Amino acid sequence: MFITALRVLGIGSILAGLLHVIFGLSADTMLGAQAIAFDATRDSQNRFYGAAFTVYGVLLLMCGTDLRRYASILRIVLAFFFLAGLARLISIVVIGMPSIAVLLLLATELIVPPVLWVWQGRASHDIR
């Protein structure tokens with residue numbers, strides 16, 4: 001079941017990342033962003049972050065292929081995903097509340113990594 005959860009999260013991350021790579025700033029509009037200034041720098045940054053998020057999904061899928069071998073990498077990936085959620089909290093404090101869609105993403109980023117971290121510990125005992 002743990003590996004299935006990693007696969008679902010990995011595929012979802014890849015799809016979300018590719019959405020940003022393909023659509024650039026228009027992907028932010030799909031998430032409920034208001035009045036985005038479409039300039040080359042912001043579009044470039046958005047697509048870059050989309051590619052990075054795609055790599056995150058690939059790493060989750062890779063870790064799911066051999067939990068024992070990639071245990072440390074998975075913990076690092078989960079920690080960075082959680083850290084990214086904390087970065088969204090900084091944005092909320094500095095800029096204000098984002099759309100409901102982004103708040104749902106934030107909840108996922110702050111809840112899923114710790115749950116998977118604990119679950120990974122239990123799953124690693126099962127594969128020994």
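A quick note: this is a predicted structure, and the numbers were derived from the prediction, not measured.
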(request) Look up atom CD in E109 and atom CG in L89, then write down how far apart they are to the nearest 0.5 Å. (result) 9.5 Å
(request) Could you tell me whether the side chain of R7 and the main chain of L61 form a donor-acceptor pair under 3.5 Å? (result) no
(message) Tell me if a side-chain donor or acceptor on T108 pairs with a main-chain N or O of L104 at a distance below 3.5 Å.
(response) yes
(message) Please check: side-chain N/O of T54 versus main-chain N/O of G50, any donor-acceptor pairing under 3.5 Å?
(response) yes
(request) Give the minimum heavy-atom separation between G64 and L67, together with the two atoms involved. (result) CA-CD2, 4.4 Å
(request) Could you tell me the separation between the CG atom of D39 and the OG atom of S44, rounded to the nearest 0.5 Å? (result) 10.0 Å
(message) Any side-chain to backbone donor/acceptor pair from D43 onto L25? Under 3.5 Å, distance only.
(response) yes
(request) List the steps, then state whether side-chain contact (heavy atoms from CB on, under 4.5 Å) holds for R47 with F23. (result) CA-CA 8 Å; R47 291 175 198 268; F23 294 106; 5.9 Å; no
(message) Please say yes or no: joined through hydrophobic side-chain contacts below 4.5 Å, possibly via intermediate residues, are I111 and F82 part of one cluster?
(response) no
(message) Are Y70 and M1 connected into the same hydrophobic cluster when the rule is that any two of I, L, V, M, F, W, Y join if their side-chain heavy atoms are below 4.5 Å apart?
(response) yes
(request) State plainly whether one hydrophobic cluster holds both I73 and W119, where clusters connect Ile, Leu, Val, Met, Phe, Trp and Tyr through side-chain heavy atoms under 4.5 angstrom apart. (result) yes
(request) Find the distance between NE2 (H20) and CE (M30) and round it off to the nearest 0.5 Å. (result) 8.5 Å
(message) Set out, in order, the CA-CA distance, both residues' side-chain angles and the distance that settles side-chain contact (heavy atoms from CB on, under 4.5 Å) for F48 and F53, then state yes or no.
(response) CA-CA 9 Å; F48 173 85; F53 203 68; over 6 Å; no
(request) Kindly say whether Y56 contributes a backbone atom to a donor-acceptor pair with the side chain of S13 at under 3.5 angstrom? (result) no
(request) Drop me the distance from D28's CG to L19's CG, to the nearest 0.5 angstrom. (result) 9.0 Å
(message) Using modelled atom types and a 3.5 Å cut-off, is there a donor and acceptor pairing between side-chain atoms of Q120 and backbone atoms of L74?
(response) no
(message) Do M62 and I3 land in one hydrophobic cluster if side-chain heavy atoms of ILVMFWY residues count as linked below 4.5 Å?
(response) yes
(message) With side-chain contact (heavy atoms from CB on, under 4.5 Å) as the criterion, how do R75 and L78 come out once you've worked through the C-alpha distance, each side chain's angles and the decisive distance to 0.1 Å?
(response) CA-CA 5 Å; R75 290 210 182 259; L78 293 174; 5.6 Å; no
(request) Using the side-chain contact (heavy atoms from CB on, under 4.5 Å) rule, take I92 and L103 through it: C-alpha gap first, then chi angles, then the decisive distance, then the call. (result) CA-CA 10 Å; I92 289 171; L103 288 174; 4.1 Å; yes
(request) Measure the CZ-CG distance between F2 and L116 for me, rounded to the nearest 0.5 Å. (result) 5.5 Å
(request) Look at the side-chain heavy atoms of Ile, Leu, Val, Met, Phe, Trp and Tyr, link any pair under 4.5 Å apart, and say whether L9 and I14 land in one connected group. (result) no
(request) Working to the nearest 0.5 Å, report the span between OG1 of T65 and CG of L60. (result) 11.5 Å
(request) Identify the heavy atoms of L31 and A101 that sit nearest to each other, and give their distance. (result) O-CB, 3.6 Å
